[in-house]
Amino acid sequence: MINFTSDLHLGHANAIKRRPFESVEEMNETLINNINSVVGEDDELWVLGDFAFRINTDEVRELRRKIKCKHIHLVKGNHDKDYTGDKIFESVYTYKELKTEYGRFVLFHFPILEWNTGHYGSVHLHGHIHSDGLYNKENLGKKYCDRFAWGHDVKNSELGLRIYDVGVDANDYKPVSIEQIAEMMKLEKV
């Protein structure tokens with residue numbers, strides 16, 4: 001199974017100001033336990049940026065080690081170091097297009113106005129904005145052509161806006177699976 005998350009900010013003391021945790025240690029433990037309760041050992045987990053902040057590489061490695069999933073990929077966010085050579089993550093990208101059974105998913109830390117093949121129905125997953133989930137619910141009710149299709153012809157005027165914040169703040173501090181996203185967006189297998 002493929003899962004997505006973003007903006008864990010492990011080790012980041014200021015992150016708890018807007019989160020229901022008493023300490024950084026509680027936040028780290030809860031987020032890691034939530035990942036382990038949702039993501040299987042042989043699943044894939046795509047972290048769309050800001051895995052950790054203001055901690056050194058050895059601390060990042062130790063927190064990563066506590067996550068049971070073997071296949072964790074990082075799409076770098078604005079607070080991530082370049083972990084490419086550190087072998088902490090299975091892969092490290094700045095931007096990634098993932099071909100799935102539900103079509104193309106464009107993975108980027110930042111929300112972008114238009115993304116590759118969005119006007120044909122590809123999905124853009126992002127983090128960065130620390131939304132509370134209302135953003136995702138509102139986007140599910142919008143049409144792509146109403147918001148972003150400047151200069152592009154949308155083949156289906158009823159095509160829903162397929163953009164989703166996978167950040168922990170918007171998803172009860174847990175990863176979201178590709179199946180959950182497909183169900184919410186009414187995606188069919190291709």
Side-chain angles (χ1 to χ4, degrees), residues 1-12 15 19 21 27-53 60-80 83-84 87-112 115 121-133 135-137 139-140 160 162-190:
M1 182 183 303
I2 302 172
N3 298 275
F4 305 95
T5 193
S6 181
D7 298 287
L8 285 79
H9 285 263
L10 298 174
H12 187 192
R19 293 178 173 177
F21 306 110
M27 178 183 72
N28 291 350
E29 183 179 333
T30 300
L31 293 176
I32 290 170
N33 287 341
N34 286 351
I35 291 171
N36 288 335
S37 72
V38 172
V39 180
E41 190 174 322
D42 293 318
D43 289 348
E44 278 186 62
L45 177 63
W46 288 86
V47 179
L48 305 189
D50 295 355
F51 180 80
F53 188 50
V60 171
R61 183 178 281 105
E62 180 60 24
L63 289 167
R64 161 57 188 100
R65 189 190 61 72
K66 292 178 180 182
I67 300 172
K68 295 176 184 173
C69 177
K70 293 185 253 181
H71 309 288
I72 301 180
H73 309 274
L74 177 68
V75 177
K76 292 190 312 187
N78 55 305
H79 293 300
D80 292 307
Y83 298 110
T84 307
K87 299 186 178 170
I88 296 171
F89 302 98
E90 190 167 304
S91 62
V92 179
Y93 299 91
T94 300
Y95 169 95
K96 175 71 175 167
E97 292 188 17
L98 191 63
K99 293 182 181 175
T100 77
E101 62 187 334
Y102 295 104
R104 184 186 315 249
F105 279 64
V106 173
L107 312 179
F108 193 49
H109 178 63
F110 305 98
I112 50 181
W115 53 93
S122 66
V123 176
H124 171 40
L125 302 180
H126 67 85
H128 186 65
I129 62 173
H130 297 267
S131 75
D132 62 3
Y135 165 90
N136 288 334
K137 289 176 184 160
N139 283 339
L140 289 173
R162 295 178 174 179
I163 185 171
Y164 192 88
D165 176 7
V166 298
V168 294
D169 301 287
N171 295 285
D172 296 321
Y173 303 99
K174 296 178 183 171
V176 60
S177 72
I178 195 168
E179 285 79 12
Q180 289 171 294
I181 293 167
E183 185 179 328
M184 286 183 272
M185 293 186 178
K186 298 179 175 56
L187 303 178
E188 295 181 15
K189 291 184 179 181
V190 291

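All values derive from a computational prediction rather than experimental measurement. What you see below is based on every heavy atom in this structure, not just the backbone, and it leaves out hydrogens, waters and symmetry mates.
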Would a 4.5 Å heavy-atom cut-off, applied to side chains only, mark [X] and [Y] as touching?
X	Y	answer
V106	Y95	yes
E179	E101	yes
H73	W46	yes
M27	Y173	no
L98	Y93	no
D50	D80	yes
T100	V123	no
L187	F105	yes

Quick one: does [X]'s side chain have a donor or acceptor within less than 3.5 Å of a partner on [Y]'s backbone?
X	Y	value
D172	K174	no
D43	M1	yes
W115	S122	yes
R61	I88	no
N36	K68	yes
N136	Y164	no
N171	V176	no
N3	P175	no
H124	I163	no

Value rounded to 0.5 Å, distance of [atom1] in [X] from [atom2] in [Y]:
X	Y	atom1	atom2	value
E97	R104	CD	CZ	5.0 Å
I35	L45	CD1	CG	5.5 Å
L63	N28	CG	CG	5.0 Å
T94	L107	OG1	CG	12.5 Å
F108	L125	CZ	CG	13.0 Å
I178	E183	CD1	CD	13.0 Å

Just checking, is any N or O donor in the side chain of H71 or E90 under 3.5 Å from an acceptor N or O on the other one?
->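 Indeed, the side chains of H71 and E90 share at least one donor-acceptor pair under 3.5 Å.
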
Could you tell me which residues satisfy salt bridge (Lys or Arg N to Asp or Glu O under 4.0 Å) with [X], sequence neighbours excluded, listed by chain and number?
X	value
D169	R19
K186	none
K66	none
E188	none

Using the six-membered ring wherever Trp is involved, compare the ring planes of F53 and H79 and label them parallel, tilted or perpendicular (cut-offs 30° and 60°).
-> tilted

How close do [X] and [Y] get, counting heavy atoms only, and between which atoms?
X	Y	value
G127	D165	CA-OD1, 3.5 Å
I129	P111	CG2-CG, 3.7 Å
S6	G49	OG-O, 3.5 Å
D7	V168	O-CG2, 3.5 Å

Partner set under ring-ring contact (aromatic ring centres under 6.0 Å, His included) for H109, not counting sequence neighbours = H128

Set of ring-ring contact (aromatic ring centres under 6.0 Å, His included) partners for F89, sequence neighbours left out |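 Only F51, Y83 meet the ring-ring contact (aromatic ring centres under 6.0 Å, His included) criterion with F89.
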
